Every structure is written in C-alpha cells, then in structure tokens.
Visitor: 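Sharing a structure below in structure tokens format, with a few things to ask.
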Amino acid sequence: MFDGVKKPILKVDDLKMHFPIFKGVFRRKVGEVKAVDGISFEIYEGETLGLVGESGCGKTSAGRAILRLYDISGGSIELNGQDISSLQGDELRRLRPEMQMIFQDPQASLNPRMTVASIIAEPLDEHKKLSKQQRMARVFELMDAVGLHRDFANRFPHEFSGGQRQRIGIARALALNPKFIVCDEPIAALDVSIQAQVVNLLEDLQEKFGLTYLFISHDLSMVRHLATRVAVMYLGKIVELAPRALLYSDPKHPYTEALLSAVPEPDPSSLNKRERIILEGDVPSPSNPPTGCNFSTRCPRVMDICKKEVPEFKQLDDGRHVACHLMD
Amino acid sequence: MPDGAAPILDVSDLKTVFTTRGGEVHAVNSVSFQLAPGELLGVVGESGSGKSVTMMSLIGLLPMPPAEIRGGQVMFEGHDILKMTPAQLRAVRGRKIGFVFQDPMTSLNPVFTVGFQVAEPLRRHMGMRKKQAWKRAAELLELVGIPDATARLSDYPHQFSGGMRQRVMIAIALACDPQVLIADEPTTALDVTIQAQILELVRELRQKLGMAIVWITHDLGVIAGIADRVMVMYGGQIVEQAPVRELFANPQHPYTRALLETLPSVTGARSKRLKTIEGQPPALGAHPTACPFRARCRHVMDVCHEQNPAITTLDAGHDVACFWDATTGEARHV
Ligand SMILES: Nc1ncnc2c1ncn2[C@@H]1O[C@H](COP(=O)(O)OP(=O)(O)OP(=O)(O)O)[C@@H](O)[C@H]1O
Ligand SMILES: Nc1ncnc2c1ncn2[C@@H]1O[C@H](COP(=O)(O)OP(=O)(O)OP(=O)(O)O)[C@@H](O)[C@H]1O
Ligand SMILES: [Mg+2]
Ligand SMILES: [Mg+2]
C-alpha cells in the first residue's frame with residue numbers, strides 16, 4: 001500500500017492521561033484513574049489506525065488527549081513534526097482545523113439550542129470567511145454526504161433519532177476538511193446500511209484528500225474492513241499493534257485472542273460452532289492496576305512472571321508489536 | 001416461546017406524531033406487536049425508523065407536546081398503559097417495566113452521583129433504606145462488570161467511560177427485577193467481551209425471573225445470538241416479523257433482504273467496498289398512503305406507489321408487509 005518511506009503524521013510517545021480522584025467535603029485528592037498509562041505509536045499519513053479494546057480501557061481518553069482536548073499528564077505528541085504536547089490557547093486553536101474528532105456521545109456534544117445547519121456550520125463560521133450562500137451550499141453538501149435529508153436543516157438535535165444525531169456530528173467534523181480525524185465510535189449508533197454508507201464516505205474522503213484516521217470502535221468486523229493497522233488496548237496500555245491481516249488471522253496477545261473469539265456472528269444456526277474464550281477473574285481497576293501485566297488477573301495463559309513483571313512492548317519478527325511474556 | 005401464552009405486553013395500532021416548526025413528523029404508523037412472557041423480541045431497522053419512539057410511546061416517556069399519541073392501545077396486566085394516570089404510570093415504569101435508553105449520557109443526571117442514581121429506584125420502589133440501597137447498588141454495578149464498584153459509586157457520570165455509563169443504565173433497569181425490560185441499543189458502547197457478559201446476564205435473568213425483553217439493536221450478530229423473534233421496522237412501520245432462524249434463513253421483505261446483504265464479517269472474505277441501500281429514507285411528513293420503502297426497493301411495482309401493503313401472515317408465524325412475493329419473485333397472490 002505504501003511505497004517508499006512512510007511518513008508519520010502523528011507520533012505518540014509514552015502518552016499518559018491520569019485523572020485525579022477527589023473525595024470528601026474538601027475534595028482532597030486521594031488517587032488517580034490511570035486512563036492512559038504510557039502508550040506509544042505512530043500513525044502514517046493516509047492510513048487508518050484502528051483502536052479497539054475493552055470498555056473503559058482508555059480509548060476515548062487517548063483520542064481526546066492526542067487532540068489536546070485535555071492537558072496531558074505525561075509523554076509527548078507530535079503532529080506533522082510539531083510537538084503539540086504543551087501548546088495552549090491561540091496556538092492550539094490555530095491547529096484545530098487540521099485535526100477533528102467525531103464524538104462517541106453525539107447527544108452530549110450537540111448544542112440543543114442550535115439548528116442542525118448552524119451546528120454543522122459552526123466550525124466554518126469560526127475558521128472560514130464564507131458568504132451566506134457558500135456557507136449554506138457547504139452545509140447541504142455535508143448533509144448529503146452523511147445521508148441527512150436537506151429538509152432537516154432547520155430542525156433541532158432532539159428532533160432526531162440517535163443515528164441521525166451521530167451523522168450531524170460527522171458532518172460537523174468534516175466541515176473544515178481536516179487532515180487527521182479521531183473517530184470515536186462513529187458508527188455504533190447507526191444501522192448497518194448507514195454504517196456502510198458512512199464507512200464508504202470515510203474511505204472516499206481518505207482517497208480523495210489523503211485523510212488519516214484514528215478509528216476507535218468495538219465493531220471488529222468494521223475495523224477489519226477499514227483499518228490499515230490495529231492497536232489493541234487493555235487497561236490504559238497497548239497490548240498489541242499489528243497490520244490488519246496479521247492481527248485477525250493470527251492474534252498473538254491472549255487478550256486479542258479473547259476479543260476476536262467473542263464477536264457475535266450474524267447467523268443463528270452457527271451458534272456454538274466457534275470456540276469462544278470467556279474471560280474470568282477480576283476486572284482490574286485503572287486506579288489500582290495489578291502489579292506485573294495488567295491482563296494477568298484474567299489471562300487464561302497466565303504464568304508466574306506475569307504477576308511480577310510488566311511485559312515490554314516489543315517488536316516481533318513479523319513486524320508487529322506485542323506486550324506479553326509469552327513472546328519471550 | 002410457548003405458543004398461545006397470553007402476551008404480557010400487547011400493542012395495537014400505535015400511532016405517534018410530532019409537531020415541529022417544519023410540520024408534522026409521523027414517526028410511528030400503526031404499529032402492532034405482542035410480547036410473550038419470558039420472550040426476547042429483537043427489534044432492528046433503519047436509523048430513524050421509529051424504534052425508539054415506539055418504545056418511548058408505550059411507556060409514556062415522550063414529552064407531549066411536541067409528541068402526540070394519535071391512537072392505539074398498549075395492554076399490560078389487563079390495563080391500557082396509554083390511559084394510565086401519571087401516578088399509575090410511575091408505579092409501573094422502572095418497577096414492572098424497566099428500560100435502558102439509547103443515549104446513556106443524557107439519561108443519567110450529571111449532577112447526581114452514579115450511586116445515587118442506581119439506589120434511587122431501590123429506595124422508591126423496593127422500600128430500601130439508604131444504606132441497604134447503596135449496598136445493593138454496588139452489587140448491581142458489579143453484576144454488569146464495573147470494576148471497583150463500591151468505590152466508583154460516588155463518581156459522577158462524566159467520570160465514567162461511554163460503555164460504563166451504558167452498564168449503569170442496565171443496572172438501573174434491572175434494579176427492581178422487572179417483568180418486562182425494554183433495552184434500546186443497550187450494548188453499542190460495549191466491547192464484545194463485556195457485551196457477551198451482559199448477554200449472559202440477561203439470559204440468566206430470563207431463566208430465573210421469566211423476564212420478557214424487547215431488545216433494539218443494529219447488531220444482527222447480537223440478534224442472531226439472543227432473540228427468539230425479530231421485528232423489522234422501516235419508515236415508522238413494522239415491515240417484517242418472524243422467529244429468528246426463519247428471518248435469517250428466509251427473509252421476505254426487500255428491506256430485510258438488503259439489510260442482511262450489507263453485513264461485513266470478521267471471518268469471511270473482506271470486501272473492497274461495503275454494500276449500502278441506495279437512496280434516502282422517507283421524510284415521514286404525513287401518515288403513509290403508499291409503501292414507505294418504494295423509493296429504494298429493487299422490486300417496486302405500480303401498486304407500491306398507490307397503497308401501503310397490509311401485513312400478510314405466511315406460515316411459521318412469519319409476517320410481512322409487502323406486495324412482492326420473495327418466493328415466486330412476482331406480485332403476491334392473496
Ligand atoms: N422530538 C422529536 N421531534 C420531531 N421528530 C422526532 C422527535 N424525536 C424523533 N423524531 C423523529 O422520529 C423518527 C423516529 O425516530 P426514532 O428515534 O424512533 O428512530 P430510531 O428507529 O430509534 O432510530 P435510531 O436507530 O437512529 O436510534 C425520526 O425520523 C426522528 O427524526
Ligand atoms: N473526566 C474523567 N474523570 C475521571 N475519570 C475519567 C474521566 N474520563 C474518563 N475517566 C476514566 O478513565 C477510564 C477510561 O475511560 P475512557 O472513556 O477513555 O474509556 P474507553 O476506552 O473510551 O471506554 P468505552 O469503550 O466504554 O467508551 C475509565 O475508568 C473512566 O472512568
Ligand atoms: Mg469511549
Ligand atoms: Mg433509536
């Protein structure tokens with residue numbers, strides 16, 4: 001797919017995002033939720049990096065931290081060679097058109113008092129000087145692209161179904177033709193046909209404008225369709241990062257294995273045909289992670305060393321990265 | 001499910017209309033269905049087809065106005081829910097009928113802790129004291145797989161991840177051992193392993209409590225795994241209804257058939273481009289007088305523009321609303 005040298009558009013090194021936990025009347029800090037706890041990866045221009053993993057493992061926090069919607073707790077982020085880890089205010093604002101996010105929670109991210117047209121046009125108003133006509137034309141173009149009826153332009157968000165609201169968020173994220181988009185569960189609320197429509201749209205835009213995506217999703221079949229490479233997260237850390245085909249045909253980390261085995265197949269007669277790995281044991285908490293490997297409390301192939309030492313995130317001969325003592 | 005058992009929920013001819021600045025939106029158009037005790041009814045359908053509005057209508061959760069229920073009946077334990085007083089409704093809702101909303105962020109109140117919100121129905125409906133309710137709340141959160149549950153009871157919703165909030169909603173819905181659970185996209189924010197855990201929990205509760213469930217989802221894999229029967233909605237109507245195996249093996253309505261064709265898979269061949277259903281969904285401006293799917297249908301005929309097809313019952317409890325006969329590939333003879 002890539003000839004010559006691959007150019008990373010984004011470089012993340014040992015990124016940490018910790019949230020303080022406060023308790024009591026005096027809101028004393030009593031601990032930290034280590035939502036993202038030292039992750040490193042690169043995303044190459046024009047590729048889609050899939051990010052999958054257990055609910056609550058830190059995917060959204062990672063995505064938001066990368067776009068600097070948070071002040072990060074550690075590590076560094078480079079976008080197009082520029083270190084953006086500690087940018088503030090105006091400097092950060094100038095970067096916004098370059099990088100956008102499609103949010104997981106469409107409802108919470110849409111202003112209920114604004115019409116759909118003004119929500120989609122908001123980034124245009126803020127960053128571009130368009131005539132009234134140009135502005136409306138662009139809004140309609142975006143609404144067409146995500147499959148929203150133009151007649152709905154003057155409606156308010158609460159007048160839409162869940163899936164329709166998600167598409168408003170997608171249209172807004174695309175408004176400024178960003179180069180890099182973090183898509184946080186962009187299709188979870190959509191029916192399969194519109195999922196396909198949105199995914200095809202993301203692919204078309206990628207082809208046309210060379211967009212780069214970080215695609216966060218629980219839908220492993222969609223990730224398989226869309227991603228160039230896939231990162232698997234577990235409790236704040238990346239446990240496996242591999243090219244798509246390799247990951248799906250031959251998962252190495254036991255968590256990746258369990259995850260892939262649990263995908264429900266849309267065929268009622270195929271039930272029980274595939275071997276499902278059911279994870280048992282305590283689900284650890286990100287404010288009090290286990291010593292050693294984070295997955296050791298539930299890993300079906302746990303060894304003594306796993307409870308003592310944190311496995312290193314190492315490259316294997318086939319090019320993928322895995323953090324697991326079984327690889328030693 | 002046992003044939004002939006009296007339904008626990010019996011919905012007939014439900015019609016819901018919204019009044020907006022842009023005119024009326026006919027979101028639910030003469031929807032009828034039944035739910036047997038202990039049954040799991042899967043609901044699938046196009047985004048905007050009226051799945052959520054149907055379920056919100058039948059438990060009186062839509063703000064009126066702008067919503068208006070123009071007709072229909074929802075029988076539960078011998079009473080029409082649509083005719084209940086607000087006090088009667090409150091006694092049923094959250095107690096005998098539990099529900100999980102599609103949008104977990106907006107259905108949790110941002111100013112109260114998660115623990116308060118899980119404990120609240122326990123105190124209100126089950127007469128539990130504060131301490132007891134708090135303890136039970138922790139158990140419920142544990143049941144839905146939230147780590148460190150006791151400590152996290154005092155968190156606020158924004159401190160939870162999307163999937164954790166969704167699990168809180170499930171815990172609240174299950175708090176009072178309801179007879180009917182209405183779950184609207186309850187697992188969209190969950191990864192497959194936790195989803196499997198929740199589905200297992202639901203299976204157990206059905207066995208133990210005989211809970212009947214309406215499960216709305218876009219995930220046909222989930223439907224294939226848990227549903228007894230499936231109902232397909234399009235344009236505010238039920239276009240097909242069948243036992244789960246029958247529906248997957250022998251889909252009749254052109255929309256259902258197109259839907260099943262659009263699925264990507266984790267195991268099969270990887271397609272270059274995903275299939276979609278071309279065209280736009282209907283705008284729902286008026287009560288439909290023709291088939292809502294006609295503009296996108298591969299098998300459209302003249303009659304489809306003139307009349308809205310009535311439900312035809314094929315054998316094996318399989319209902320379809322379509323003038324075209326998938327078996328013969330021609331107009332249906334009735
Ligand atoms: N408050 C409202 N005012 C006006 N129209 C509304 C309102 N709420 C919903 N609608 C419309 O009613 C129709 C049905 O919406 P509903 O939320 O039931 O869809 P759905 O099938 O649940 O879709 P999804 O799969 O996207 O959640 C949609 O066309 C929607 O735009
Ligand atoms: N603002 C916050 N304050 C405190 N804790 C937070 C905050 N945001 C997230 N967390 C915690 O960080 C952890 C990771 O959350 P995050 O939303 O990143 O997970 P996720 O992988 O996106 O999960 P999901 O798949 O359920 O959306 C969770 O334990 C969550 O409770
Ligand atoms: Mg998330
Ligand atoms: Mg809905």
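Please read all numbers here as calculations on a predicted model, not as lab measurements. Lettering follows sequence order; numbering is per chain, from 1.
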Visitor: Drop me the distance from A/F152's CZ to B/T20's OG1, to the nearest 0.5 angstrom.
Guide: 9.5 Å
Visitor: Considering only heavy atoms, which portion of A/D204 lies under 4.5 Å from any heavy atom of chain B: side chain, backbone, both, or neither?
Guide: side chain
Visitor: Examine whether an atom of B/E200 lies under 4.5 Å from a heavy atom of chain A, and if so say whether it belongs to the side chain, the backbone or both; otherwise answer neither.
Guide: neither
Visitor: Can you name the nearest heavy-atom pair linking A/S55 to B/G163, along with the distance?
Guide: OG-CA, 3.2 Å
Visitor: So which atom in A/R155 and which in B/V25 form the shortest heavy-atom distance, rounded to 0.1 Å?
Guide: NH2-CG2, 3.5 Å
Visitor: Using non-hydrogen atoms and a 4.5 Å limit, figure out which bit of A/E54 sits close to chain B: side chain, backbone, both or neither.
Guide: both
Visitor: Using only heavy-atom distances, determine whether the side chains of B/R152 and A/S285 contain a donor-acceptor pair under 3.5 Å.
Guide: no
Visitor: To the closest 0.5 Å, what do you measure between NZ (A/K59) and OG (B/S161)?
Guide: 7.0 Å
Visitor: Only pairs of heavy atoms separated by less than 4.5 Å count here; which of B/G285, B/G145, B/A227, B/P147 has the most with chain A?
Guide: B/P147
Visitor: Atom CZ in A/F160, atom OG in B/S52: separation rounded to 0.5 Å?
Guide: 14.5 Å
Visitor: Can you find a heavy atom in the side chain of A/H218 that is under 4.5 Å from one in the side chain of B/D219?
Guide: no
Visitor: If I take atom CD1 from residue A/I21 and atom OG from residue B/S154, how far apart are they, to the nearest 0.5 angstrom?
Guide: 9.0 Å
Visitor: Under 4.5 Å from any heavy atom of chain B, what part of A/S287 do you find: side chain, backbone, both or neither?
Guide: side chain
Visitor: For the candidates B/M164, B/Q195, B/E185, B/R167, which exhibits the highest count of non-hydrogen atom pairs separated by less than 4.5 Å from chain A?
Guide: B/R167
Visitor: Taking all non-hydrogen atoms of both residues into account, name the closest pair between A/L220 and B/V192 and its distance.
Guide: CD1-CG2, 3.8 Å
Visitor: Please classify the contact between B/F248 and chain A as side chain, backbone, both or neither, with a heavy-atom cut-off of under 4.5 Å.
Guide: side chain
Visitor: If you count heavy-atom pairs under 4.5 Å with chain B, which of A/D151, A/L259, A/T60 comes out on top?
Guide: A/L259
Visitor: Chain A heavy atoms under 4.5 Å from B/A258: which part of the residue, side chain, backbone, both or neither?
Guide: neither
